[in-house]
Amino acid sequence: MASVLLPHFRRPPPLYRLALALRRVGLLVLVLILLGLALEAYSVSEVVRTMPSNSGFSSQFLPNGTFELAGSFHLPNGGFLPISDFRLHLRLLDEARAFLGESETGPLTLAPGSNTSIPIVVYLPFTAGSSVDSLLTVDQTLEVQVWANATYGYLFPAGIAIATNDSWGAPFANYAVTTTSAGAGVLAVQITYQNHAAFDEVGSLDFAVVASGGATCGTGSLAVNVPSQQSFQETQNVAIASGCDPTGGTVTASFLAPADVVVPLPTEATG
Amino acid sequence: MSGAPEPPTHGFQIPPLGQRILASGLRLVPLLVVLVGLPLAGLTFLGSHGISLPVSDLTVTGFGLAIAVLAAARSVVRPSRAYGPVSIAASATAFVYLLVLLTEASYHIAVPGSSVTISLNVARLIALLLLVPAFGIAAGVVTTIEDARHPMERLPYEYPA
């Protein structure tokens, strides 16, 4: 009887112990992974409960012929695991789906329990013939593409992409210049537009009447103080230089604001 | 219970073959639910909501069925020298299954009715999970060697009297 019971108290052989240990380690790894998954799932549910928000975007002209769109995203991490390698991309397309500008932020680490404010700035340079120029004078629907990538809890690289449409109010909507003769050597220049932007315009409109050959026939300046959503319509008589014929020429204008802001406006034909 | 002649029981008690088959058959049910039923239900649920994953029903069914059957067979042949090889086969099948999933570990899900697209990469998770069958294969190899060198050595510890 003792010989029958003996194996129960003997130390198991090495190979048996090794196989058993390997199986137990495998089981332990599985349990740990499942526990980690459950932990992450719970933490993700806490993150989802505290959704990100944005502060809205402000816009302004910059001195270097650039338009700036600035805002910020508030990203709360309500979970108890970090969100690492967070990158936020934003891209703007105009109504014809032409590229306007983009912004990239990151990489950032959002600590557990934190509420991080991430600034977003998009610079839109005004260059002749570029898509950005149309933003000055044409109200349109812009496509805003936002996508973010991050790794949650060290384990899950994830991303989210959102495409939304935002209406754009042009600061010089329906900009138009008309010229009429106001007597010998005098040209009446009328400039009209509507300020559909969210900001007020204070400054001046400096313009020049240019002959078809390129010579400047005359210049003028109009004071501008146009609140948001208001119209502008002003006429100024310009003395034409002797020998200069504005017929078939153009009127070039720029909006000048404090802090050396210069915004070139589209060139309009005289007549 | 009837079945093949059992090895001599020097200090251990091997359950009869019929009992082992019955126990393995009962174990097969939850295995099939976990490895086949639930994944298929998940794929069907996501599919009905317009979200399709790169994993096919056939892959899930095929591998799930194979792993469950091999795991059940492992229990049946546990007292024999086939235990090690069948353990290796079961773990190797699970390993290959995970490798197949690893090749399609990036999911891009377009949320229906919105302009939102979510992408998720589960490669790291699957890579970690690969450790589990890897340990299973290693254990199977060790058991195969043990059974070849010292037949029935482990039986008193597997089936104590």
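Numbered from 1 within each chain, the chains take letters A, B, ... in sequence-line order. Computed over heavy atoms, backbone and side chain alike; hydrogens, waters and symmetry mates excluded.
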Query raised in the report: Do B:Ser91 and A:Arg23 have a side chain donor and acceptor closer than 3.5 Å?
Result: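 No.
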Query raised in the report: Just checking heavy atoms, which of residues 27-41 of chain A are less than 4.5 Å from chain B?
Result: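 At a heavy-atom separation under 4.5 Å, chain B is reached by A:Val29, A:Leu30, A:Ile33, A:Leu37.
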**Report entry** Part of residues 88-113 of chain A lying next to chain B, heavy-atom separation under 4.5 Å
**Finding:**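 So far as heavy atoms go, nothing in residues 88-113 of chain A approaches chain B to under 4.5 Å.
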Query raised in the report: Around atom CZ of A:Phe80, are there more than 12 heavy atoms of other residues, nucleotides or ligands at under 6.0 Å?
Result: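 More than 12 heavy atoms, drawn from other residues, nucleotides or ligands, come within 6.0 Å of this atom.
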Query raised in the report: Between B:Arg124 and A:Pro157, is any pair of side-chain heavy atoms under 4.5 Å apart?
Result: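 They are in contact (side-chain heavy atoms under 4.5 Å apart), so the answer is yes.
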Requested in this report: Find out whether A:Phe156 and B:Asn121 are in side-chain contact, i.e. whether some heavy atom of one side chain is under 4.5 Å from a heavy atom of the other.
Outcome: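 Sidechains of B:Asn121 and A:Phe156: no contact.
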Query - Distance, nearest 0.5 Å, that separates CD1 of A:Ile160 from OG of B:Ser119 - result: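 If we round to the nearest 0.5 Å, A:Ile160:CD1 and B:Ser119:OG are 9.0 Å apart.
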Query - Taking every non-hydrogen atom, the tightest pair across B:Arg154 and A:Tyr16 - result: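 Here B:Arg154 and A:Tyr16 meet closest at CB-CD1, 3.2 Å.
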Query - Distance-minimising heavy-atom pair for A:Ala19 and B:Thr143 - result: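 Smallest interatomic distance, heavy atoms only, reads CB-OG1, 3.5 Å.
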Query raised in the report: salt bridge (charged side-chain N to carboxylate O under 4.0 Å, His left out): which pairs involve residues 77-101 of chain B, sequence neighbours left out?
Result: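 The answer is B:Arg78-B:Glu158.
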Report task. Select all residues of residues 129-139 of chain B having any heavy atom within less than 4.5 Å of some heavy atom of chain A, and report them by number, or 'none'. Result ->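 At a heavy-atom separation under 4.5 Å, chain A is reached by B:Leu129, B:Leu131, B:Val132, B:Phe135, B:Ala138, B:Ala139.
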